[in-house]
Amino acid sequence: TEPNSPTVKTSIPGPKSIAMKRDLDLIQNTDVVQFFVDYDRSVGNYIRDVDGNVLLDLFTQIASLPLGYNHPRILEVLKDPANISAFANRPALGIYPPTEFAKLLSETLLSVAPQGLTQLQTMACGACSVEHALKGAFMAYRRRERGGSAPTQQEIDTCLMNTPPGCPKLSVLSFKNAFHGRTMGALALSHSKWFHNLDFPAFNWPIATFPTLKYPLEEFYKENIAEDARCLAEVEDKIESAKKAGQPVACVASEPMQCEGGDRYASPQFFQGLQDICQKNGIALLLDEVQTGAGATGKFWLHEYFHLRDPPNLVTFAKKMLTGGFYYTPDMRPTEGGRIFNTWSGDPSKVVVLKAVLGVIKDESLLARTTDTGNYLMKSLMDAQEKYPHLLSNARGLGSLAAVDFPAAAPRDNLVERLRSLGVHVGVCGTSSMRLRSTLTLERKHVDIFADRFNTVLRDT
Ligand SMILES: Cc1ncc(COP(=O)(O)O)c(CNc2csc(C(=O)O)c2)c1O
């Protein structure tokens, strides 16, 4: 069972972590390794490092743990003889799916599909889900341009040499401060940190400005609506310019909230306007819910809060869904087999575990709990912001996603380190934001521990 509170015995990283890091560094670069973890003895919302430090984990493996560590319902899946085969025999899913795979997908991933998205493709991770979702959008765009005819011999010949018309000059519009993954296509849509992109050739695709909201929202309603309009006008301009430059936009990609870029929210009106622009121009809308999905905001998908008139064409997921993949509308469905494809095309064993996770979310009403705990967490951030206005600003959040800004990276990093030495592990994002990414099982008692330690370090700053 979970401990009642954190215990910190050594500096973090402690001596054992430091020794293990030295060993691992002989094999690979370990610059960003923070500490080594004793996963056998991490429980629920508490992570235990190899030096015996037990921390309340509010970052949860970059927001990828739905139920925390060693949840009994997940351990049961692993002990169930009926599941051995799923773990022992990883299939090339695109060609040799396992028994009743459609049934498994229907009972799991499709049971939580965003409204109107009836097609589903599993993949390994977030980036490869984005990569293949983009392919779906490009193929749909070219299918429409061909008007149903087959590709020409010239297209077939030229595509093998990376040249038009087989490799068409199409583009994807993304947003400044976005993050969509580290593979080359997803990286061309990612603009949040230089060390993600440096040294890698990129597509010269349009990059628009994502709204910068002023907080508190209720005080700056007019300014924020004007900001939405300004950004949407820029999106239209970029689409027009791309068309004139001979590389029309086939897809607009956006996170429903920019996470790596600094927990940057935008209004439902912005996304409704974005969908209007896409539909007006025959452009697919890809919403990347890798970090915001799987119940993290109290709704299963963040974009549910947007009340979009129609379903987005493509929705990518990974992290807390335990498998990567994307949902898509029928018009995005490939008409030829083997074109959205790779060896594994996902992993059924992860879907088997996800079935247990979805069961716990339902049985324990974790969406409602995430909303309640998230509101309670927001109150603790707002209270701290009120007490320390010189240190904190723009407190914001939704369910298990929360963030607050510091005046600069240095004071933020210093506070995060001191918070960890008091037994609370949090994340960072953007240039100077602290971010929280809890499990879906977080309770008010955990928020009390966070608030107590957070105020202690703020008081001593
Ligand atoms: C909105 C969104 N889209 C795609 C991705 C890529 O997912 P993975 O390839 O990491 O599974 C992510 C992954 N998040 C992430 C956080 S830090 C990080 C990194 O590579 O440093 C990656 C995401 O947040």
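Each ligand, and each atom within it, is numbered from 1 in the order the structure gives.
- Looking at atom 22 (C) of ligand 1, its nearest protein heavy atom turns out to be Phe179 CE2, 3.3 Å.
- For atom 11 (O) of ligand 1, a protein non-hydrogen atom is found at a distance below 4.0 Å.
- Ring-centre distance between His196 and Phe179: below the 6.0 Å cut-off.
- Heavy atoms of Glu255 found under 4.0 angstrom from ligand 1 belong exclusively to the side chain.
- From the protein, the heavy atom lying nearest to atom 20 (O) of ligand 1 is Arg182 NE, 2.7 Å.
- Among all protein heavy atoms, the one lying closest to atom 3 (N) of ligand 1 is Asp288 OD2, 2.6 Å.
- Geometrically, ligand 1 and Glu260 share no nitrogen or oxygen pair separated by less than 3.5 Å.
- For ligand 1, one of its N or O atoms has an N or O atom of Gly126 under 3.5 Å away.
- For residues 368-380, the set of pairs meeting the salt bridge (Lys or Arg N to Asp or Glu O under 4.0 Å) definition, not counting sequence neighbours, comprises Glu364-Arg369, Arg369-Glu443, Asp372-Arg444, Lys379-Asp383.
- Counting only distance, with no hydrogens or angles, the side chain of Ser345 and the backbone of Asn342 share a donor-acceptor pair below 3.5 Å.
- Looking at Glu131 and Lys135, no side-chain N of the basic residue comes within less than 4.0 Å of a carboxylate O on the acidic one, giving no salt bridge.
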(message) Test side-chain hydrogen bond (donor to acceptor under 3.5 Å, both in side chains) on His446 and Glu2; report intermediate values, then the result.
(response) CA-CA 11 Å; His446 300 115; Glu2 257 194 8; 2.9 Å; yes
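- Close N/O approach between Ala127 and ligand 1 is found [any backbone or side-chain N/O within under 3.5 Å].
- The contact set between ligand 1 and Gly181, taken as ligand atoms under 4.0 Å from a residue heavy atom, comprises 4 (C), 6 (C).
- Using 4.0 Å as the threshold, Val130 has no heavy atom nearer than that to any atom of ligand 1.
- Judged by the shortest distance from any of its heavy atoms, Lys319 lies inside the 4.0 Å radius around the atoms of ligand 1.
- Taking the six-membered ring where the residue is Trp, the centroids of Phe450 and His425 are separated by 6.0 Å or more.
- Residue Ile62 has at least one heavy-atom neighbour below 4.0 Å for each of these atoms of ligand 1: 16 (C), 17 (S).
- In this structure, the ring of Tyr327 has its center less than 6.0 angstrom from the ring center of Trp301.
- The contact set between ligand 1 and Gln291, taken as ligand atoms under 4.0 Å from a residue heavy atom, comprises 14 (N), 24 (O).
- Side-chain atoms of Asp51 never come within 3.5 Å of backbone atoms of Asn53 as a donor-acceptor pair (strictly under, hydrogens ignored).
- A tilted orientation is assigned to the rings of Tyr69 and Tyr39, their planes being inclined by 30° to 60°.
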